[in-house]
Amino acid sequence: MKAYVLYSGGKDSSLIAILLKRIGVHVEFVTANFGVYESYIPASKSAESLGINHNILNLDKNILEKAVDIILKDGFPNNGITYLHKIVVENLADLANENNFSTIADGTRRDDRTPKLDKSEIQSLEDRKNIQYVNLDSFGYKTIENLVSNLFEINIEESNRDNSSDYEVEIRYLIDNEKNINSKDLFPKHFQTRVIGLR
């Protein structure tokens, strides 16, 4: 069995990869990029520290631009990020099919509000793409924290474009540099975890 794990370099996507790997699944990481900013670099470093192959899924900038339009219209990021995530997961499933991977995974967990697929979307994805989709949906925040504290060395700092590979990096870059709007007005300040190795 082979699985592509949608990878930000953070603890959640690292955890699902290690869990799959520990049960004998061949795992490779994939980070989506829309050509606006090299946001995949932190994830590449985290993947290297875990000894797992890292791939970049290059997607059309127009997808990112539509997500930004949704965010600017709403005045908050949730719906735009969810829109983006659904498209990325669809493309990841296509990549898996092209390369004979039977499974795709991400680090979304029970407590997450966004981005997240609901059960009917997951079932539809699996049926349409003939793929297995795995995430951390049965794991809550406390369980994740207990697991990752025993598995990983983690760096925690205020989120910025040099320490994260999640969707927000390219979204904020596009808003700041092409829309001439300060993305700090739309995104709440938060801290980013990045895996820097195994314990």
Side-chain angles (χ1 to χ4, degrees), residues 4-17 29-50 54-92 95 104-109 111-118 121 135-136 141 144 148 152 154-196:
Y4 278 137
V5 175
L6 190 57
Y7 196 55
S8 66
K11 64 184 186 326
D12 299 331
S13 49
S14 296
L15 177 61
I16 191 71
F29 288 129
V30 179
T31 301
N33 187 265
F34 301 90
V36 170
Y37 186 78
E38 294 177 336
S39 60
Y40 52 83
I41 292 173
S44 292
K45 291 176 183 175
S46 294
E48 184 178 350
S49 76
L50 297 177
H54 182 250
N55 304 279
I56 299 163
L57 178 61
N58 294 302
L59 296 172
D60 194 304
K61 181 182 174 185
N62 291 326
I63 299 166
L64 185 70
E65 288 174 340
K66 183 166 181 186
V68 166
D69 288 343
I70 293 167
I71 291 166
L72 294 178
K73 180 179 177 262
D74 291 348
F76 58 90
N78 292 12
N79 294 331
I81 291 173
T82 296
Y83 161 80
L84 198 62
H85 183 65
K86 289 176 182 179
I87 291 176
V88 170
V89 168
E90 291 277 339
N91 279 274
L92 184 61
L95 181 69
I104 61 171
D106 63 38
T108 56
R109 58 180 193 256
D111 305 337
D112 287 339
R113 286 188 237 164
T114 191
K116 192 170 186 177
L117 301 178
D118 66 33
E121 290 169 326
N135 64 23
L136 298 171
Y141 178 79
I144 299 284
V148 300
F152 304 124
I154 296 175
N155 186 24
I156 302 172
E157 59 186 319
E158 187 176 341
S159 183
N160 66 64
R161 66 174 69 138
D162 296 321
N163 68 3
S164 175
S165 294
D166 63 17
Y167 303 135
E168 187 177 319
V169 174
E170 282 192 284
I171 289 170
R172 290 179 72 150
Y173 188 88
L174 189 96
I175 290 171
D176 291 336
N177 293 290
E178 294 188 22
K179 302 293 184 180
N180 296 318
I181 297 170
N182 188 345
S183 64
K184 289 181 181 178
D185 296 335
L186 300 166
F187 287 84
K189 179 179 175 180
H190 64 279
F191 288 83
Q192 181 72 34
T193 63
R194 188 171 69 82
V195 172
I196 57 174

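In what follows, residues are counted from 1 in the order of the sequence shown.
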One pair to check against side-chain contact (heavy atoms from CB on, under 4.5 Å): Y167 and V88. What are the steps and the verdict?
CA-CA 10 Å; Y167 303 135; V88 170; 3.5 Å; yes
Check whether any side-chain heavy atom of [X] sits under 4.5 Å from a side-chain heavy atom of [Y], and report yes or no.
{"X": "L186", "Y": "I171", "answer": "no"}
{"X": "D118", "Y": "E121", "answer": "yes"}
{"X": "D166", "Y": "Q192", "answer": "yes"}
{"X": "I16", "Y": "D106", "answer": "no"}
{"X": "N55", "Y": "Y4", "answer": "yes"}
{"X": "L174", "Y": "Y37", "answer": "no"}
{"X": "I104", "Y": "V89", "answer": "yes"}
{"X": "L15", "Y": "R109", "answer": "no"}

F29 and Y7 aromatic ring geometry - parallel, tilted or perpendicular at 30°/60° bounds:
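Parallel, since the angle between the ring planes stays under 30°.
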Please test N58 against Y40 for side-chain contact (heavy atoms from CB on, under 4.5 Å), starting from the C-alpha separation and ending with a verdict.
CA-CA 10 Å; N58 294 302; Y40 52 83; 5.8 Å; no
N33 and E170: side chain donor to acceptor below 3.5 Å
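Checked: N33/E170 side chains pair up, N/O donor to acceptor below 3.5 Å.
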Can you give me the closest heavy-atom contact between [X] and [Y], atom names plus distance?
{"X": "L92", "Y": "A105", "value": "CD2-O, 4.3 Å"}
{"X": "G10", "Y": "S14", "value": "O-OG, 2.7 Å"}
{"X": "K116", "Y": "T82", "value": "O-CG2, 4.4 Å"}
{"X": "N177", "Y": "N180", "value": "O-OD1, 4.0 Å"}

Could you walk me through whether D69 and K179 satisfy the salt bridge (charged side-chain N to carboxylate O under 4.0 Å, His left out) test, starting with their C-alpha distance in whole Å, then the side-chain angles of each, then the deciding distance to 0.1 Å, before giving a yes or no?
CA-CA 10 Å; D69 288 343; K179 302 293 184 180; 3.5 Å; yes
[X], [atom1]: over 12 other non-hydrogen atoms inside 6.0 angstrom:
{"X": "E65", "atom1": "CD", "value": "yes"}
{"X": "E48", "atom1": "CD", "value": "no"}
{"X": "F76", "atom1": "CZ", "value": "yes"}

Among P42, S159, S39, exactly one meets side chain to side chain contact (heavy atoms under 4.5 Å, CB included) together with V169. Which residue is that?
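Of the listed options, the one satisfying the test is S39.
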Under 3.5 Å, side chain of D176 to main-chain N/O of S183, donor-acceptor pair present?
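At least one qualifying donor-acceptor pair exists.
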Evaluate V68 against E178 for side-chain contact (heavy atoms from CB on, under 4.5 Å), listing each step before the verdict.
CA-CA 11 Å; V68 166; E178 294 188 22; over 6 Å; no
Decide yes or no on side-chain contact (heavy atoms from CB on, under 4.5 Å) for N79 and K73, but give the supporting numbers first.
CA-CA 10 Å; N79 294 331; K73 180 179 177 262; over 6 Å; no
